[in-house]
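Working notes, structure below.
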Amino acid sequence: MNILEIENLCLSIHQTSILDNISLSLEVGNIHAITGESGAGKSMVACSIMQLFPNGTHVSGQIKFNGENLLMQTERQMCAIRGNKIGMVFQEPMTALNPVKTIGAQVAETIRIHKAISREAANTSALNLLARVGLPQNRFPISLYPHQLSGGQRQRVVIAIAIALRPKLLIADEPTTALDVTTQAKILNLLKDLVTENQMAMLMISHDLTVVANLANHITVMKSGKIVESAKTHHLLSHMGHNYTKKLFFASRHIVQLPKYTSSDTLLRVQNVSKDYQLPRTRLFKAGTKFRALNDISFQLHKGERLGLVGESGCGKSTLVRAILGLNPVDNGNILLEDEPVFRANRPNFSIRHKMQVVFQDPFSSFNPRHRIDRLISEPFHLLPKSLSDRKRHDILSTALTAVGLRPEDAQKYIHEFSGGQRQRIAIARAIVMQPELILFDEAVSALDVSVKATILDLLADLCHQYNLTYLFISHDLSVVRSVTDRVLVMKDGKIVERGQTDRVLSKPTHPYTKELISAAPQLPNFDKF
Amino acid sequence: MVNLSQMLLYSLKRFISLAISLIIASVIIFTVIEIAPGDPAQFMLGINAQPDTVAALQEELGLNVPKHIRYFNWISGMIVGDFGTSYTYRTPVAEMIVDRLWISLPLALYALTISTFVAFLVGIYAAARRGKLTDTAVMAATQLGVAIPNFWFAMMLVLVFAINFQIFSAGGFNGWNNGIGFGLQSLTLPAIALALPQAAILARVMRSSLIDILGEDYIRTARAKGLSKHQALWRHGVRNALIPVLTIIGLQFAFLIAGAIIIEQVFYLPGLGRLIFQSISSRDLIVVESIIMLLVFIVIIVNFLVDIAYAIVDPRLRLTS
């Protein structure tokens, strides 16, 4: 029996068409996935079912839930359905919970809105629900506040809220996109179990094909507000009726060829580096404890070598990046670039800073929106010992822009005129414009769509051929690291737990944590099997 | 649920910073008024004073004692409630201040209550109806409230409510001895006049803060639970929107207590503002110095209370700061 049937759903916001003739259906006990790149309108399908629209939205068509057309319900009727018959889990667990209310109160609230029961009874239910989603009372009392939990734990709270009243339909909008691979695997398993246990149907929205392929019974591929292809998972993967589906699937397993590197000169030396953070005191007469973010880290990076660094959030990757760049001092050990310390006498060593550049994760917030591209890219020039002539400056800018696949004329534009992928190209142009000895890529492709990510990886391979780059590539995405690095370090709790040739480490891991990481990473089913 | 030990630790930290601010403020006030530039006795008596009169006053004020001892005498005097004797009125400064404080402090609190109450209603109403005609109208009204000079508004209030309808008195203070109601009655018009621009500013802050909060993900979560727009606003929006509002309330209190000079003139209220005004014109440095220190003390205490209120509203602050 179909619990949800969407027929000819069209949606526009302020006359801009967002969804065009969407039809799909979902059976009880099934998982239906909607996938596609950002801007495809996936999330708006979820919003339409919940009837939570931005201002100026116009909808037509039918959304039948349990035989009733949701589009014809009054707001009051929808309030009785939301959270009760339909539960929803969101993408960003860090902001999805109210920071000033306890997790127990937030779970209990869902129950108390829809059922006339006492506060105590609601709290008891909240307690059981939190235990069910993996937050047992002895370690996670209901009096905790959201900021005291990690991202994965917060997502469990959000799931507890969504399933509190055993809704018939659960909508999960990119539920694991913001989470680490191992956490992602656990949350996906939890969702899958809950669907079976509660006889729910789940509509899952994800841009990640690998996640979808392993979880859903049925997949719908969307592009620019339209359904491109929709079929049973097995059928879709084995037939690939549409070119766009093919393109998406191939982009997600994209592999690039890097030139071999031969040099044995050491460029970067990290020797026994440790760094502590002081934690705030929790008791009046108790000294605050320290958190060891980096614990005796040592490694070397040769000229022309591409080194990967993988690990989960909170393992110290970002602290290490900041330490190498000389932005923060370390408590112990040395970091030397070409035998010069990056941080000397309580100050960053500016004489070597121009030899390093960095590309950050978020192309939308890492640029000053009021500067033109030429100023953004040429900013590192001030590190040079003597200033460049305008002519020379212009030439270098044009070369860098051309090298990353943009045009020299783009130098006069502002950053908002570019898409996410183009912005990341600009970030790379900024990094290579100085011809630095070392580039740090800090999750540089993590925020990009699969097809954009593939083109950026191609660009990286091109630049390796052209400039003989040396880089440290930090990522949680093992398939990307496998493709663009020669050697890899695996980091956990501030320590390097395994290191070696990338192929060797990822195919024959020796440390249990590396094994866990690899098995948790979702993989596309092999095409040959179908 | 507030963790008491965390709360205590937080309050203690805030209290230490309060004490440090007070010490720094007292040193600055003392330095500016007593040390630099010229001689206070000469200043108080004017240019044409006889040298022996100046010497007598120096003796009386204790100016012939070394400066650091004078500072400690001043501070220790204030701690036990001895603010010195006014040169012009020949009465203890402490007595004068206490009398005036009984008008100024209730007036400030009264105005603060009115402005906060009005601002909350208006701000929340406008935020809930953002973008609609009523929101635009209310916001235009607050714009006007910020722009109207409060002494003019005070005169209008007198014209309408004291002269036309004769509900309130046009000025003066009946005192607290005839009952709280009588006292409050003479403070009502001044409090409204004082509160108007503050309420308008606060309402705008409340509105924009709440609108920001309403765009947060957890409001969407609340709606997905089945809360209506208004329930989500009241249960999840308002408390989160309070943090910037509290900051403004703390800053406004300082204005309400010290900035009431004009309003006190309009309504013939013998408050602190008038006392400062008179003491400055009669060059009574001892009174000026004491009142300024007292105002600083009140402002710092209010901001300490605002800090505590932050921590009650936002559990994250109890741990991290």
Side-chain angles (χ1 to χ4, degrees), chain A residues 46-47 50-52 54-56 75-76 78-102 104-107 109-114 141-148 157-158 161-162 164-165 167 171 173 279-286, chain B residues 1-16 128-132 135 209 211-243 246 309-321:
Chain A
C47 293
M50 292 300 265
Q51 298 275 302
L52 292 174
N55 285 339
E75 174 60 23
R76 186 179 285 270
M78 277 313 297
C79 282
I81 292 175
R82 286 185 208 122
N84 188 10
K85 303 275 169 49
I86 306 177
M88 187 157 177
V89 178
F90 302 95
Q91 170 166 6
E92 190 41 83
M94 300 309 276
T95 54
L97 294 171
N98 185 341
V100 305
K101 291 200 171 188
T102 62
Q106 298 193 52
V107 176
E109 188 180 26
T110 316
I111 305 169
R112 297 191 66 212
I113 296 167
H114 297 285
I142 55 171
S143 59
L144 287 181
Y145 287 95
H147 71 272
Q148 293 167 303
V157 178
V158 176
I161 291 173
L165 295 164
I171 303 173
D173 187 358
L279 295 176
R281 291 180 200 217
T282 50
R283 294 264 163 76
L284 188 51
F285 296 107
K286 200 177 130 196
Chain B
M1 268 165 270
V2 176
N3 181 331
L4 267 182
S5 124
Q6 278 173 20
M7 201 62 203
L8 203 66
L9 181 70
Y10 175 85
S11 311
L12 188 76
K13 280 184 182 170
R14 295 287 102 202
F15 188 78
I16 291 169
R129 305 190 54 84
R130 65 186 176 284
K132 303 218 168 90
D135 172 34
S209 167
I211 286 178
D212 279 350
I213 297 293
L214 291 180
E216 291 285 339
D217 285 351
Y218 52 81
I219 297 293
R220 189 184 56 187
T221 308
R223 297 274 284 136
K225 282 177 180 178
L227 289 174
S228 73
K229 265 187 192 171
H230 283 205
Q231 284 173 319
L233 182 146
W234 283 103
R235 295 195 196 176
H236 294 274
V238 172
R239 190 167 152 194
N240 278 294
L242 276 183
I243 292 164
L246 283 174
Y310 280 151
I312 292 171
V313 169
D314 191 343
R316 288 167 294 186
L317 287 174
R318 286 172 224 154
L319 267 180
T320 48
S321 64

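The sequence lines fix the lettering, A, B, ..., with proteins before strands; numbering per chain opens at 1. Values in this document were obtained by computation on a predicted structure and should not be read as measured data.
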Write down the atom of B:R235, the atom of A:I113, and the distance for their closest heavy-atom approach.
NH1-CG1, 4.1 Å
Where do A:C79 and B:S228 come nearest, in terms of heavy atoms and distance?
SG-CA, 3.7 Å
Top contributor to chain B contacts, counting heavy-atom pairs under 4.5 Å, from A:G83, A:A80, A:P146
A:G83
How about A:N55 and B:R130: do any of their side-chain heavy atoms sit closer than 4.5 Å?
no
Distance, nearest 0.5 Å, that separates OH of B:Y218 from CD of A:Q106
10.0 Å
By a 4.5 Å heavy-atom criterion (distance strictly below it), what part of B:L227 contacts chain A: side chain, backbone, both, or neither?
both
What residue among A:R82, A:M78, A:M50 forms side chain to side chain contact (heavy atoms under 4.5 Å, CB included) with B:R223?
A:R82
Report yes if some heavy atom in the side chain of B:R220 is under 4.5 Å from a heavy atom in the side chain of A:M88; otherwise report no.
no
So do A:E109 and B:H236 actually touch side chain to side chain, heavy atoms under 4.5 Å?
yes
Which answer fits A:Q51, side chain, backbone, both or neither, if we ask what part of it has an atom under 4.5 Å from a heavy atom of chain B?
neither
Under 3.5 Å, is there a donor-acceptor pair between the side chain of A:T95 and the main chain of B:D217?
no
Separation of A:L52 CG from B:K229 NZ (nearest 0.5 Å)
9.5 Å
In short, B:N240 meets A:P99 closest at the heavy-atom pair OD1-CG, 3.4 Å
